[in-house]
Amino acid sequence: MKITAIETQVCHARMRNWIFIKIVTDQPGLWGWGEATLEWHTRAVVGAVEDISQLLIGEDPRRIEHLWQMMYRQHFWHGNGIVRGTAISGIDIALWDILGKIHNVPCHELWGGRVRDYIRLYCHLGGGKMEDFYETRPDDAGRFGELAQRAVEDGFTAFKSMAVPETMPLEGLKPIRYAEACVKAMRDAVGEDIDIMVDCHARPSPLMGMQFAKALEPYGLYFFEEPCWPETMDDIALIQRAVKTPIASGERLVGLHAFRDLLEKRAVSVIQPDITHCGGLSEARRIATLADAYRVAVAPHNPQGPVSTAASIELGFATPSYAICESVHNDVPWRDEVVSEGFTVEKKGRIVRPNHKPGLGIEINEAEVKKHPFQQEVLQRTFYKDGSVGDW
């Protein structure tokens with residue numbers, strides 16, 4: 001059995017171009033789907049996949065670990081940068097899809113079988129519609145409350161918001177009070193039985209991140225995400241020690257070694273590897289095992305396309321430390337037309353029942369993908385009031 005082709009198919013989805021990877025074999029009808037979506041780096045990732053494919057054409061797709069080592073260690077540069085790491089991840093996901101199809105079992109059966117009966121989903125405010133999630137004004141607390149109520153009406157028992165405004169390295173009380181008002185509005189709207197997450201998007205400086213974390217502690221957040229840059233892990237650790245709120249981070253980290261450092265510093269209570277960036281399902285499983293040694297929860301970053309979601313769900317069914325699955329469902333109206341999925345979602349509670357189809361249990365509608373060719377993504381840019389560059 002040999003790999004005969006590694007194809008990329010780009011599907012424009014407004015804020016992102018989904019990059020689907022199809023690995024074709026010499027066995028009729030046997031192929032696998034992966035995803036390597038990296039916003040604003042679409043052409044770079046497609047090129048990286050083409051470069052890496054030189055290592056894999058003609059190889060046996062069943063030797064996943066062997067091929068992963070080749071992709072990561074050969075061509076001299078290790079695969080711990082975001083572009084090469086994303087390309088490796090998409091290919092690795094597709095290889096696991098193939099292996100599941102060969103053995104006629106879902107991927108989670110390859111990893112020891114189910115450890116749970118269902119997985120809970122959480123949504124973004126607005127369901128992934130970028131205007132609601134990223135552009136709701138921080139002084140519009142009422143809007144946060146409305147969107148929170150809508151998420152609960154849609155069946156979710158947990159949701160994420162971006163209630164922390166963009167801030168310069170040092171600011172006064174105004175942004176802190178904005179964040180407090182927004183989170184209070186959400187909590188008042190949905191009560192204490194719903195889990196609320198706040199994503200800082202690593203916007204704040206460590207000092208401001210600490211102030212936001214302390215100000216929002218009374219609202220009982222499920223977790224508080226990326227309070228400052230991941231490059232400042234020691235400061236993330238200081239914030240975690242200062243509050244009871246679980247701190248989450250890791251979506252921008254690539255590879256096991258980066259997560260080792262995060263865990264050794266006891267910086268977080270929740271790690272968020274992105275399966276389409278960190279090294280694929282192979283590396284995500286190693287990261288999750290390491291997290292289990294520290295008794296830290298795993299909640300993968302997953303705002304991308306449908307293959308990423310299927311991979312996250314398969315990982316969750318076989319991973320004891322997996323806590324919850326991030327999902328978007330309203331980023332583009334035709335999302336469901338691009339993919340058929342083997343798992344089922346119950347609207348009440350938004351819980352996922354296991355996939356029983358082979359591999360990831362999904363199939364991509366290539367004709368539908370062709371209706372949405374590459375376009376430059378809708379850019380998100382931030383400049384502070386004095387004109388200096390900020391993080392969005």
Side-chain angles (χ1 to χ4, degrees), residues 14-17 37-42 44 81-83 124-126 128-141 143-144 147 160-183 185-186 197-216 221 223-240 242-243 245 247-254 258 262 267-268 272 274 277 301 303-304 326 328 331 376-392:
R14 296 195 72 216
M15 189 174 163
R16 295 174 173 87
N17 281 291
T37 299
L38 181 61
E39 54 274 354
W40 309 311
H41 294 79
T42 301
I82 187 61
V83 172
H124 294 181
L125 285 191
K129 184 180 178 183
M130 58 178 291
E131 289 81 2
D132 287 336
F133 191 62
Y134 292 106
E135 298 174 13
T136 296
R137 297 194 328 271
D139 61 346
D140 189 358
R143 179 63 173 160
F144 278 89
L147 291 169
K160 180 189 288 184
S161 66
M162 289 190 67
V164 170
E166 299 156 347
T167 53
M168 297 178 72
L170 180 62
E171 293 204 22
L173 282 174
K174 187 175 182 179
I176 304 297
R177 296 293 181 250
Y178 275 171
E180 287 179 318
C182 294
V183 175
M186 291 187 290
M197 289 149 272
V198 171
D199 185 1
C200 295
H201 235 222
R203 290 167 166 176
S205 65
L207 172 65
M208 295 301 296
M210 177 73 81
Q211 292 190 58
F212 283 122
K214 288 185 174 181
L216 299 181
L221 298 178
F223 60 68
F224 188 61
E225 182 175 337
E226 283 203 304
C228 54
W229 284 8
E231 292 92 333
T232 58
M233 287 185 187
D234 289 320
D235 290 303
I236 298 176
L238 289 174
I239 294 170
Q240 179 63 98
V243 296
T245 307
I247 302 299
S249 189
E251 69 184 61
R252 307 186 202 202
L253 301 182
V254 179
L262 189 70
V268 294
Q272 299 174 290
D274 190 311
H277 302 326
H301 180 245
Q304 292 96 347
E326 180 174 11
V328 294
D331 48 356
Q376 187 62 58
E377 300 91 331
V378 179
L379 294 177
Q380 295 285 309
R381 304 178 70 190
T382 293
F383 297 94
Y384 298 134
K385 56 189 175 184
D386 64 359
S388 59
V389 174
D391 292 281
W392 68 275

L125 vs T136, test: side-chain contact (heavy atoms from CB on, under 4.5 Å). Steps then yes/no. CA-CA 10 Å; L125 285 191; T136 296; over 6 Å; no
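- Sorted by first and then second residue, the side chain to side chain donor-acceptor pair (under 3.5 Å) pairs involving residues 205-216 (not counting sequence neighbours) form an empty list.
- Here the closest heavy-atom approach between residue G209 and residue I239 is recorded as C-CD1, 3.9 Å.
- Using modelled atom types, one side-chain atom of S161 and one backbone atom of M197 make a donor-acceptor pair closer than 3.5 Å.
- Residue pairs meeting the salt bridge (Lys or Arg N to Asp or Glu O under 4.0 Å) criterion with at least one member in residues 166-177, sequence neighbours excluded: E166-R203, R177-E180.
- Not a single side chain to side chain donor-acceptor pair (under 3.5 Å) links D140 to another residue, sequence neighbours left out.
- Qualifying ring-ring contact (aromatic ring centres under 6.0 Å, His included) partners for H277, counting only residues two or more places apart in sequence or in other chains: none.
- Proximity of a side-chain donor or acceptor of Q240 to a complementary backbone N or O of T245 within less than 3.5 Å is detected.
- Residue pairs meeting the salt bridge (Lys or Arg N to Asp or Glu O under 4.0 Å) criterion with at least one member in residues 230-240, sequence neighbours excluded: D234-K265.
- By the side chain to side chain donor-acceptor pair (under 3.5 Å) test, Q380 pairs with E135, sequence neighbours left out.
- Remark: I176 CD1 to L216 CG distance equals 8.0 Å, nearest 0.5 Å.
- With sequence neighbours excluded, no residue satisfies ring-ring contact (aromatic ring centres under 6.0 Å, His included) with H41.
- Annotation: side chain of F224 is not in contact with side chain of V243 (no heavy-atom distance under 4.5 Å).
- D331 pairs by the salt bridge (Lys or Arg N to Asp or Glu O under 4.0 Å) definition with R335, not counting sequence neighbours.
- Taking the ring-ring contact (aromatic ring centres under 6.0 Å, His included) definition, one finds that W392 meets it with W40, Y134, H201, sequence neighbours left out.
- In terms of the side chain to side chain donor-acceptor pair (under 3.5 Å) criterion, residue partners of E251 (sequence neighbours excluded) are, by chain and number, H301.
- Applying the salt bridge (Lys or Arg N to Asp or Glu O under 4.0 Å) test to E39 and every residue at least two apart in sequence or in another chain returns R16.
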From CA spacing to verdict: side-chain contact (heavy atoms from CB on, under 4.5 Å), F223, I247: CA-CA 6 Å; F223 60 68; I247 302 299; over 6 Å; no
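- Residues that satisfy the side chain to side chain donor-acceptor pair (under 3.5 Å) test with T167, not counting sequence neighbours, are absent from this structure.
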